[in-house]
Structures are given as structure tokens and as C-alpha cells.
Amino acid sequence: MKIYNDKNKVIIDGLKDFEPKHIFECGQCFRWTKENDDSYTIVAFGKILNVKKEENTIYFNNTNIYDFENIWHNYFDLDRDYSRIKEILRKKDNYLDEAVKFGYGIRILNQDPWETIISFIISANNRIPMIKKAIDNLSTYYGEEIGEFNGKKYYSFPTIEKMNSLSVEEIEKASTGYRATYIKDTSYIVFSKQINIYNLKNVDTNMCKSHLMMFPGVGPKVADCIMLFSMQKYDVFPVDVWVQRVMKEFYLNEDMSLPKIRQYGIEKFKELSGFAQQYLFYYARELGIGTSSRRRS
DNA sequence: AGACAGGTAGTGA
DNA sequence: TCACTACCTGTC
């Protein structure tokens, strides 16, 4: 693997297990735009980054080596050996083998806990385009303008202080629907430090989860997602409708309850549960597993 | 028009 | 524990 520091960009040759489409379209992140050249523009930690893959080369555009090392290296989880994880999972059974081969370039991002908590509260009983829209609206209305890329202005995610200062009506304006009150009340709990969300990653998974579920709008599934995508908890197995479908298709009988499926996943995949879930989710959703109509490829 | 979507909270057994 | 239901919003 070779890193080149170019003007306003960082280029990496030979970075394995890295496919922008897989990373951004596997349901873990909502703040990305797919550009006409198939690159992805994302906003995280108050910065705009454009990622493009060509052959064996990844272009990290609109950034510099300083931000790359301080922000994006960790954001993309570059210190983790995904080849080894994939190898272990593929040996489990033929289904995992297929799913891992399909989503070969998935990496689990290390996102900001605050933004992840609010984003996944919005995700409950909601569709991805709507979730993206609501988060984008919140940022445009109540975040800070952080720059322009490809002729489009970008805004940072609203701070804890800002979100706490908003009325329910103002939050509703961003198309958050009935989740606006959840967001309002959660923001206050975070703002008043009744729960320190930046310390939660340091307690064990069960404790972490029970704390997260004190937030209104955060149930078992949303808590699992928050832990997996922003708190480096990988012994979780978030079960949404797609994971439910794929698990029933591959492993289980029809009448197994959500908590049982979650438990089954954790027992089967152990400390790699979160990774397994991502490969299975991406596979199920892209292929429309368990539904009558197959989705676009 | 009515169902449905990447769940949660509230209620009642 | 478990079953059941309402729920913003936008699209099919």
C-alpha cells in the first residue's frame, strides 16, 4: 500500500477491502452524495470529502494529508484487517461466503456518536432517501456552512447546543415527522450531560446499550446501530427488516421473534457479529432477499 | 385511495 | 416477556 500526497488530495494505491459503493450503501451512513463520475461526496466531522476508486487506486479528494491522518484514516477504519475478518466469516457457511463476496469492499465507519444517535432515531420506521433528506435538512437549516464542492454547498451536522436550542416545530420542519419530539428530548439529555455519550464506548456492550435505550426514540435496533457505527462495539447484531428477512431465508424458521434472531446472530458470529450483519444486510437489500419484487441491481 | 417503509412507545394481558 | 397498535412523511 502506497500513499501519495498530492495537491488537495491524497491518493492510495493497493488499499484492500475498500469499495466506496459498498461502504456508503450498506446502510451505516446517510450523509453521502453519489456524483456523476460514481465517486461519493461525504460530510463528516465538519469536513467535505470526495472518494473515488479507479482500478486499484483510491482518490481522497478535497482533503490533505493532515486531515487524512487525523480524521479519515480512523473514519474508514484503515487499521483493521478486513481480509482476516472476511476469511473467518466466509468459512462459516455458504451463505456468508456469498454475502461476503458480494459486499467485499465494506468497511464499518467510525462515525461521531452525536450525529449517529440522531441519525438512527430518524431512521426508525423510515426509508433511506427520507432519512438522508431529513439529516440533510437539519444540517442545512441548523448547521454551519463548511464549504463548496462540485458546485454544491455543504453544511455541518448541528451541534448538541444548537439542536437543544431548537423547538419541536423547528425540528419538524426538517421532515423528521413524529421523531421530532424524540430528537428534542434526546438533545436535552445529551446537552445536560445526564448521559455522557462520548464515554459510553468505554463501558461494556450491555451497559452501553441500556444507557442508549434511555434516550427516547432509541430501542434495541437503533441502540445496536449506534454502538456498531460510532462506538466500536462489534459484538452486536442489529436486526431490521432486511436482516430479519435474510436470516429467515438462510437460517431460521418464520416465527422467530426479533430478540431471538438478535441472540442467534450474536451466538453464531460472536465478536464479529457486527461485521457479519453488514455483509448480510447489504446482500439482502441489494438483492431483495425475502421480498417478492427484486430491487435494482 | 390505501399500503408500506431499515422501529419505538404505549397499552394490556 | 409477548402481542397489538398508532405513528410523520412521501412514494408506488
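Every heavy atom of this structure was used, including side-chain atoms; hydrogens, water molecules and symmetry mates were not. Treat the numbers as computed from the prediction; the structure is a model and nothing was measured. A, B, ... follow the sequence lines: proteins, then strands. Residue 1 opens every chain.
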Trainee: Within the 4.0 Å heavy-atom criterion, would you say A:Phe215 contacts the bases, only the backbone, or no part of the nucleic acid?
Mentor: sugar-phosphate

Trainee: Measure OH/A:Tyr178 against C1'/C:dA6 and give the value in whole Å, please.
Mentor: 9 Å

Trainee: Describe the nucleic acid contact of A:Pro220 in one word from base, sugar-phosphate, nothing, applying a heavy-atom distance below 4.0 Å.
Mentor: sugar-phosphate

Trainee: With sequence neighbours left out, which residue pairs that include part of residues 193-212 of chain A fulfil the salt bridge (charged side-chain N to carboxylate O under 4.0 Å, His left out) condition?
Mentor: A:Lys209-A:Asp224

Trainee: Could you pick out which residue, A:Phe30 or A:Gly217, lies toward the 5' side of DNA chain B when each is mapped onto its nearest nucleotide?
Mentor: A:Phe30

Trainee: Whole-Å distance between C:dT9 P and A:Ile131 CD1?
Mentor: 15 Å

Trainee: For the pair made of CZ in A:Arg179 and C1' in B:dG7, what is the distance, rounded to whole Å?
Mentor: 9 Å

Trainee: Output every pair passing side chain to side chain donor-acceptor pair (under 3.5 Å) with a member in residues 39-57 of chain A, not counting sequence neighbours, ordered by first then second residue.
Mentor: A:Asp13-A:Thr57, A:Glu19-A:Lys53, A:Glu25-A:Tyr40, A:Glu35-A:Thr41, A:Asp37-A:Ser39, A:Ser39-A:Asn50, A:Thr41-A:Asn50, A:Lys47-A:Asp67, A:Asn50-A:Asn61

Trainee: Would you indicate what A:Gly27 reaches in the nucleic acid, counting non-hydrogen atoms under 4.0 angstrom: base, sugar-phosphate, or nothing?
Mentor: base

Trainee: What nucleic acid atoms does A:Pro216 come within less than 4.0 Å of, heavy atoms only: base, sugar-phosphate, or nothing?
Mentor: sugar-phosphate

Trainee: Does the salt bridge (Lys or Arg N to Asp or Glu O under 4.0 Å) test come out yes or no for A:Asp17 and A:Lys86, once each step is laid out?
Mentor: CA-CA 9 Å; A:Asp17 312 310; A:Lys86 290 180 348 183; 2.7 Å; yes

Trainee: Output all residues satisfying side chain to side chain donor-acceptor pair (under 3.5 Å) with A:Tyr198, sequence neighbours left out; order by chain, then residue number.
Mentor: A:Asp112

Trainee: Considering residues at least two apart in sequence or located in another chain, which fulfil the side chain to side chain donor-acceptor pair (under 3.5 Å) criterion with A:Tyr264?
Mentor: none

Trainee: Could I get the full list of side chain to side chain donor-acceptor pair (under 3.5 Å) partners for A:Gln194, not counting sequence neighbours?
Mentor: A:Ser192

Trainee: Heavy atoms only, 4.0 Å cut-off, all strands: where does A:Tyr182 land among base, sugar-phosphate and nothing?
Mentor: sugar-phosphate

Trainee: Please write out each protein N/O paired with an N/O of nucleotides 10-13 of chain B under 3.5 Å, distance rounded to 0.1 Å.
Mentor:
none

Trainee: Can you list everything that forms a salt bridge (charged side-chain N to carboxylate O under 4.0 Å, His left out) with A:Arg80? Sequence neighbours excluded, please.
Mentor: A:Asp77

Trainee: Roughly, in whole Å, what's the span from CD1 in A:Ile121 to C1' in C:dC7?
Mentor: 16 Å

Trainee: Would one find a side-chain N or O of A:Lys260 under 4.0 angstrom from OP1 or OP2 of C:dC2?
Mentor: yes

Trainee: C:dC8 C1' sits how many Å from A:Glu169 CD, rounded?
Mentor: 14 Å

Trainee: Could you tell me whether A:Glu169 and A:Lys173 have a side-chain N and a carboxylate O separated by less than 4.0 Å?
Mentor: no

Trainee: Take atom P in C:dC8 and the same atom in B:dT11, then report the distance between them in whole Å.
Mentor: 15 Å

Trainee: Within the sub-3.5 Å range, which N or O atoms of nucleotides 10-12 of chain C have a protein N or O partner, and how far apart are they?
Mentor:
from: C:dG10; atom 1: OP1; to: A:Lys133; atom 2: NZ; distance (Å): 3.3
from: C:dG10; atom 1: N2; to: A:Arg127; atom 2: NH2; distance (Å): 3.2

Trainee: I need the CZ-C1' distance between A:Arg245 and B:dG7, as an integer number of Å.
Mentor: 13 Å

Trainee: Assert yes or no for the condition that the ring centre distance of A:Phe275 to A:Tyr82 is strictly below 6.0 Å.
Mentor: yes

Trainee: Side-chain polar contacts of residues 94-103 of chain A - donor-acceptor pairs under 3.5 angstrom, sequence neighbours left out - could you list them?
Mentor:
from: A:Asp97; atom 1: OD1; to: A:Arg90; atom 2: NE; distance (Å): 2.5
from: A:Asp97; atom 1: OD1; to: A:Arg90; atom 2: NH2; distance (Å): 3.1

Trainee: Which residues pass the side chain to side chain donor-acceptor pair (under 3.5 Å) test with A:Asp79, not counting sequence neighbours?
Mentor: A:His73

Trainee: Specify the separation, in whole Å, of atom CD1 of A:Ile261 and atom C1' of B:dG7.
Mentor: 14 Å

Trainee: Rounded to whole angstrom, note down the P distance from C:dG10 over to B:dA9.
Mentor: 23 Å

Trainee: Would you indicate what A:Gly177 reaches in the nucleic acid, counting non-hydrogen atoms under 4.0 angstrom: base, sugar-phosphate, or nothing?
Mentor: base

Trainee: Under 4.0 Å, counting only non-hydrogen atoms across every strand here, what does A:Val218 touch: a base, just sugar-phosphate, or nothing?
Mentor: sugar-phosphate

Trainee: What residues, two or more places apart in sequence or in another chain, satisfy ring-ring contact (aromatic ring centres under 6.0 Å, His included) together with A:Phe60?
Mentor: A:Phe18, A:Phe68, A:Phe76

Trainee: Once Watson-Crick and G-U wobble pairs under 3.5 Å are found, how is DNA chain C written in dot-bracket notation, 5' to 3', with | for any base paired to another strand?
Mentor: |||||||.||||

Trainee: Give a yes or no on whether a salt bridge exists between A:Asp240 and A:Arg245, defined as a side-chain N under 4.0 angstrom from a carboxylate O.
Mentor: no

Trainee: Can you measure A:Lys221 atom NZ to B:dA5 atom P for me and round it to whole angstrom units?
Mentor: 14 Å

